[in-house]
Amino acid sequence: MTVRTRFAPSPTGVLHLGSVRTALFCWLYARHCGGQFVLRIEDTDRQRSTPENVDAIVDGMAWLGLDADEGPFFQTERFDRYRAITEQWLDEGKAYRCYCTKEELDELRAGQKERGEKMRYDGRCRQRSEPCKAGDSVVRFKNPLDGDVVVDDLVRGRVVFSNAELDDLVIARSDGTPTYNFSVIVDDHDMKISHVIRGDDHLNNTPRQMNLLAALGAPPPAYAHLPMILGADGAKLSKRHGAVDIRDYREQGYLPEAVLNYLVRLGWSHGDQEVFSIEEMIRLFDVADVNQSASSFNPEKLLWLNQQHIISAPATRLSEALITHFEQAGLAPQDGPDLKDLADGFRERAETLTQMVSNARYCYEDFDEIDPKGAKKNLRPVILEPLKAVRERFASLSEWSKEAIGQSIEEVAASFGLNMGKLGQPIRVAVTGGTVSPPIDVTVSLVGRERTLERLDKGIRLIEARAQAHEN
RNA sequence: GCUCCCUUCGUCUAGCGGUUAGGACGCUGCCCUCUCACGGCGGUAACAGGGGUUCGAAUCCCCUAGGGAGUACCA
């Protein structure tokens, strides 16, 4: 049997961390098994579905690299198919029209609630024989009255539901459109889905769907219900924690492989391993290894993983991802060093790509002012002559390389009886305007000769002015 | 209310009858060091509670508590 999984989001919201985790597990399992992954947009709720949300889903999946083998399919394009089955079931007596009004149903539920009973439709229209003329009607499925439905869940184990707990659910609204549980099973069957991998919140729907599938004469797929992801405070994932558009993570400088790596470790593990490449995830992941308890979103760990992936990513990969962040920062890559060199110089000190760009700003743009504290501490008269000497050495270097630069600094420092720290930090402050940067040889080489000389001159003038002010 | 699911350090997790309960994030001490990082070596901190079963329970069973989901003409 070939494994076919599907990710079936509803475009009533954007693609967020929770839905991405579900998508990831579906995708990984399909890839792991050499099967297919299909994307299906469940847009039967026409009031709340929007084209913007469809874009958010499709774009988000593309950024993450969660490519579908089939789809996206849209349920709104399959209404004829659902209607045909509804009609057939009506003919076969597997479903019936229900004319109950909203008021009638509210009253029914209120009474049940008062008596402490389970709130459920009592099937009062089941026996109605005459094609009751008046008003709107919905179509309800005749759920079996007794017996059990057994779900052999891949992560949950065996879960048994009693049909007595289930009621006759609506499968077609009064406007003729299908409802969720119904369209899902028709599609899963038509699309030959072998494994339904979805959020825990659907476990309760599963017995209903299995009954529906049985009415269709279709064997049920394998089910795997994933534990939910909660917010950092243990409450339901909301805008406060991470239920934001997944594309925001791209904007904030996260690498998709880091996001996926973070997510795969929520509910799944492989020994002590924390960092996984996409290939490793595919090779090692199995839905049977997923655990059963909900987990909380931890932004710090995501950040750490992002840095780990930044550190290990090929420079070309980073340079491509960096471009959009330059635009965001109002910087032009051609105004400074090659992005690959930049990435190599800065990768160890950036948790995000946006951080990297902001840390490297002085490589692409001049700064107005030197950090006052750094200047006060490092640009002092004692360092004036060494700085001048370094400036001259830099000016006469035949080759502008990290090695040549480093050697120059070392030699000048030695000739003045200084250690690296005494000379390196003043250079850093003069050249970057701040006290933090990559190793000084790397920094200087990235800033470039022209800028370095200008900035050293500026620093030298500053010290001279200071010395003079001191004398007066 | 009813049905279903879940419960190991603050967080993510390992564990699948016998372990000094392991790893990771975070926090923290030290080392490395031209700054900041990265990295290395340590530290902090957990089996929700109560009953069983067993020679022996984090591991198996039951109860309680807590958390979550569903109970729609939402998905």
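For clarity, every value in this text was computed on a predicted model and none was experimentally measured. The chains referred to below are lettered A, B, ... by the order of the sequence lines, with proteins before strands, and numbering in each begins at 1.
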Of the nucleotides B:C5, B:C12, B:U35, which one has an atom closest to the side chain of A:Leu266?
B:C12

Check every strand shown and say whether A:Phe161 touches a base, only sugar-phosphate, or nothing at a heavy-atom separation below 4.0 Å.
sugar-phosphate

Below 4.0 Å: OP1/OP2 of B:U13 and any side-chain N or O of A:Ser295
yes

Donor/acceptor link under 3.5 angstrom from A:Gln273 side chain onto base of B:G23
no

B:G29 pairs with, by Watson-Crick or G-U criteria that keep both distances under 3.5 Å:
B:C41

In sequence, state the C-alpha distance, the side-chain angles, and the governing distance for A:Trp89 and A:Phe182, and then conclude on ring-ring contact (aromatic ring centres under 6.0 Å, His included).
CA-CA 12 Å; A:Trp89 282 8; A:Phe182 180 60; 5.6 Å; yes

Mind checking the C1' distance from B:C5 to B:C31? Whole angstroms is fine.
48 Å

Strictly below 4.0 Å: does A:Ser269 bring a side-chain N or O up to OP1 or OP2 of B:A14?
yes

When rounded to whole Å, the CG to P distance for the pair A:Asp167 and B:U3 reads 15 Å

Roughly, in whole Å, what's the span from CE in A:Met228 to P in B:G70?
8 Å

Check step by step if salt bridge (charged side-chain N to carboxylate O under 4.0 Å, His left out) holds for A:Asp187 and A:Arg40.
CA-CA 9 Å; A:Asp187 286 352; A:Arg40 183 172 76 222; 3.5 Å; yes

Does OP1 or OP2 of B:U35 have a side-chain N or O of A:Gln425 closer than 4.0 Å?
no

If pairing requires Watson-Crick or G-U wobble contacts with both distances under 3.5 Å, which nucleotide is the partner of B:A14?
none

Remember a base hit wins even if backbone is also touched, and classify A:Pro438 as base, sugar-phosphate or nothing at under 4.0 Å, heavy atoms.
base

Nearest-nucleotide check on RNA chain B, A:Lys102 vs A:Gly424; residue mapping nearer the 5' end is A:Gly424

Would you indicate what A:Val138 reaches in the nucleic acid, counting non-hydrogen atoms under 4.0 angstrom: base, sugar-phosphate, or nothing?
base

Need one value for A:Gln308: base, sugar-phosphate or nothing, where a base atom within 4.0 Å counts as base even if backbone is also close, heavy atoms only.
sugar-phosphate

Can you check whether A:Arg349 has a side-chain N or O nearer than 4.0 Å to OP1 or OP2 of B:U35?
no

I'd like the P distance from B:G39 over to B:A57, given in whole Å.
42 Å

Looking only at atom types and distance, does a side-chain atom of A:Gln407 sit under 3.5 Å from a main-chain N or O of A:Glu403, one as donor and one as acceptor?
no

What's the CG-C1' distance between A:Leu203 and B:U71, to the nearest Å?
14 Å

Distance criterion of 3.5 Å, no angle test: do you see the side chain of A:Asp272 paired donor-to-acceptor with the base of B:A24?
no

Round to the nearest Å and state the distance from A:Asp168 atom CG to B:U71 atom P.
16 Å

Considering every strand shown, what is the Watson-Crick or G-U wobble mate of B:U3 when both distances are under 3.5 Å?
B:A69

Between A:Arg40 (CZ) and B:A75 (P), how many Å, whole number?
13 Å

Donor-acceptor pair under 3.5 Å, A:Arg428 side chain vs B:C34 base
yes

Touch check for A:Thr44, heavy atoms < 4.0 angstrom, all strands: base, sugar-phosphate only, or nothing?
sugar-phosphate

Parallel, tilted or perpendicular: which one describes the rings of A:Trp400 and A:Phe394, with boundaries at 30° and 60°?
perpendicular

For A:Glu274, report the nucleic acid contact type (base, sugar-phosphate, nothing); a contact means any heavy atom under 4.0 Å.
base

Derivation and outcome, side chain to side chain contact (heavy atoms under 4.5 Å, CB included), residues A:Leu169 and A:Tyr180
CA-CA 10 Å; A:Leu169 76 163; A:Tyr180 167 73; over 6 Å; no

Taking the same atom, P, in B:C36 and in B:G50, what whole-Å distance lies between them?
49 Å

Can you check the distance between B:A14 and B:C47, where both ends of the measurement are the C1' atom (answer in whole Å)?
13 Å

Would you mind classifying the nucleic acid contact of A:Pro439 as base, sugar-phosphate or nothing, using non-hydrogen atoms under 4.0 angstrom?
base

If we take the C1' atom in both B:A24 and B:C34, what is their distance in whole Å?
32 Å

Check each of A:Lys142, A:Arg126, A:Arg208, A:Lys94 against A:Asp168 using the salt bridge (Lys or Arg N to Asp or Glu O under 4.0 Å) test, and report the only one that passes.
A:Arg126

Can you check the A:Leu230 CG to B:U11 P distance for me, whole Å?
11 Å

Taking any heavy-atom pair under 4.0 Å as a contact, classify A:Arg120: base, sugar-phosphate, or nothing.
nothing

For A:Leu105 and B:C73, give me the distance from atom CG to atom P, rounded to whole Å.
7 Å

Residue met sooner reading RNA chain B from 5', once A:Arg156 and A:Lys113 are mapped to nucleotides
A:Lys113

Once you round it to whole Å, what is the distance between P of B:C36 and CG of A:Asp441?
16 Å

Side-chain N,O (A:Gln307) to OP1/OP2 (B:C38) below 4.0 Å:
yes

Give me the atom names and distance for the closest heavy-atom approach of A:Leu154 to A:Val287.
CD2-CG1, 3.9 Å

What contact category does A:His225 fall into here, base, sugar-phosphate, or nothing, at under 4.0 angstrom with non-hydrogen atoms?
nothing

Would you say a side-chain N or O of A:Thr179 is under 4.0 Å from OP1 or OP2 of B:A72?
no

Nearest-angstrom distance, C1' atom, B:C4 to B:U13
25 Å

B:G26 and B:U19, which share atom name P, separated by this distance in whole Å:
32 Å

C1' atoms of B:G49 and B:G66, separation to the nearest Å:
10 Å

Nearest to the side chain of A:Arg265, which nucleotide is it out of B:C2, B:C12, B:C6?
B:C12

Side chain of A:Ser174 - closest among B:C5, B:U13, B:C73
B:C73

Any strand, both distances under 3.5 Å, Watson-Crick or G-U wobble: B:A58 pairs with none

Can you check whether A:Thr435 reaches A:Gln425 side chain to side chain, under 4.5 Å on heavy atoms?
yes

For B:C34, which nucleotide in any strand shown is its Watson-Crick or wobble partner with both distances under 3.5 Å?
none

Taking any heavy-atom pair under 4.0 Å as a contact, classify A:Ile440: base, sugar-phosphate, or nothing.
base

Residue of the set A:Tyr262, A:Phe25, A:Phe276 for which ring pair (Phe, Tyr, Trp, His ring centres under 6.0 Å) holds with A:Trp268:
A:Phe276

Does A:Val170 offer a backbone N or O that forms a donor-acceptor pair with the side chain of A:Thr179 under 3.5 Å?
yes

Verify the contact: side-chain N or O of A:Ser296 to OP1 or OP2 of B:C12, cut-off strictly under 4.0 Å; return yes or no.
yes

Would you mind classifying the nucleic acid contact of A:Asn205 as base, sugar-phosphate or nothing, using non-hydrogen atoms under 4.0 angstrom?
base

Winner on side-chain proximity to A:Val159, out of B:G70, B:C12, B:C4, is B:C4

